Asks: 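Got a structure for you, written out below as structure tokens; questions coming shortly.
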Amino acid sequence: MRIGELASITGASLRSLRYYEQQKLISPVRSDNGYREYSPFAVEQVETIRFYISLGFTTEQIAGFLHCVMQNKEAFCRDVLPVYETKIAELDQQIQLLSRIKSNLEERVRAMLDEREQDADYDVIQPPPEAGRAPSGG
DNA sequence: CTTCTAACA
DNA sequence: TGTTAGTA
């Protein structure tokens, strides 16, 4: 099949499909007219590629274990273990960074809310002196 | 009409 | 990634 059909079946864009090839994730043959010709197996291949991309893996990482994953269908491919662990470690770092950012923003919000209480009667009618509470020293 | 490559909003 | 130009 040609790239258009593969795109409509898998939902991947033409751009992405060509990009996958550039990243050596797929290797379609070329027809005489220069068109990419994909085997029907490319459908599953593209689906698994998109799956791993959705998990946040780079095309380079996917290229590393894609063959192993494709061949060991319904089984576990050991090649993915180290990559998974690396990814989890990266996620931990990102979570820590995001937590820091969140804490900083929460602190700022608290500060702004406190300041709002102090400035509360800026455009509020001032209470008359008699009813006021300011001990004018008498 | 479909695809190709390359480059840019 | 999307999109688009100019072809084949």
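The sequence lines fix the lettering, A, B, ..., with proteins before strands; numbering per chain opens at 1. Owing to the predicted nature of the structure, the values given are computational and were not obtained by experimental measurement.
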Asks: Given the rule that I, L, V, M, F, W and Y join up when any side-chain heavy atoms are under 4.5 Å apart, are A/Y52 and A/F41 in one cluster?
Replies: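 As far as the 4.5 Å side-chain criterion goes, A/F41 and A/Y52 are connected within one cluster.
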Asks: Mind running side chain to side chain contact (heavy atoms under 4.5 Å, CB included) on A/Q23 and A/E60 for me, showing each step along the way?
Replies: CA-CA 7 Å; A/Q23 301 303 303; A/E60 188 179 351; over 6 Å; no
Asks: At a cut-off of 3.5 Å, list every protein nitrogen or oxygen paired with a nitrogen or oxygen from nucleotides 4-8 of chain B, distance to 0.1 Å.
Replies:
from, atom 1, to, atom 2, distance (Å)
B/dC4, OP1, A/R36, N, 2.9
B/dC4, OP1, A/R36, NE, 2.9
B/dC4, OP2, A/R18, NE, 3.2
B/dC4, OP2, A/R18, NH2, 3.0
B/dT5, OP1, A/R30, NH1, 3.2
B/dT5, OP1, A/R30, NH2, 3.0
B/dT5, OP2, A/R36, NH2, 2.2

Asks: Quick one: does any side-chain atom of A/S13 pair with a main-chain N or O of A/S16 as donor and acceptor, under 3.5 Å?
Replies: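 Checked: pair present.
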Asks: Between A/M1 (CE) and B/dT3 (P), how many Å, whole number?
Replies: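 These atoms are roughly 12 Å apart.
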Asks: Do the side chain of A/K87 and the main chain of A/F57 share a donor and acceptor less than 3.5 angstrom apart?
Replies: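 No; judged by distance alone, with no hydrogens or angles, the pair does not exist.
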Asks: Quick one: does A/E37's side chain get under 4.5 Å of A/P28's, heavy atoms only?
Replies: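 No. Closest side-chain heavy atoms not under 4.5 Å.
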Asks: So what stems show up for DNA chain C if we need 3 or more Watson-Crick or G-U pairs in a row, all under 3.5 Å?
Replies: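 DNA chain C stems, ordered by first number: B:4-8 with C:2-6.
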Asks: Okay, side chain of A/R50, backbone of A/T10: is any donor-acceptor separation there less than 3.5 Å?
Replies: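 Confirmed, A/R50 side chain pairs with A/T10 backbone.
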Asks: Let me know the distance between CD of A/Q22 and P of C/dT1, rounded to the nearest Å.
Replies: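 It is 12 Å, rounded to the nearest whole Å.
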Asks: Between A/L66 and A/Q45, is there a side-chain heavy-atom distance shorter than 4.5 Å?
Replies: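 A side-chain contact exists here, since the closest heavy-atom pair is under 4.5 Å.
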Asks: Between C1' on B/dT3 and OH on A/Y38, what's the gap in Å once rounded to a whole number?
Replies: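 A/Y38 atom OH is separated from B/dT3 atom C1' by 10 Å.
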Asks: From CG of A/L14 over to P of B/dC1, roughly how many Å is that when rounded to an integer?
Replies: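 To the nearest whole Å, that distance equals 16 Å.
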Asks: What is the distance, to the nearest angstrom, from the CZ atom on A/R2 to the C1' atom on C/dA8?
Replies: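 Going from A/R2 (CZ) to C/dA8 (C1'), I get 13 Å.
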Asks: Would the distance check show the side chain of A/Q61 and the main-chain N or O of A/V83 forming a donor-acceptor pair, the cut-off being under 3.5 Å?
Replies: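 No, because the side chain of A/Q61 does not come within donor-acceptor range (under 3.5 Å) of the backbone of A/V83.
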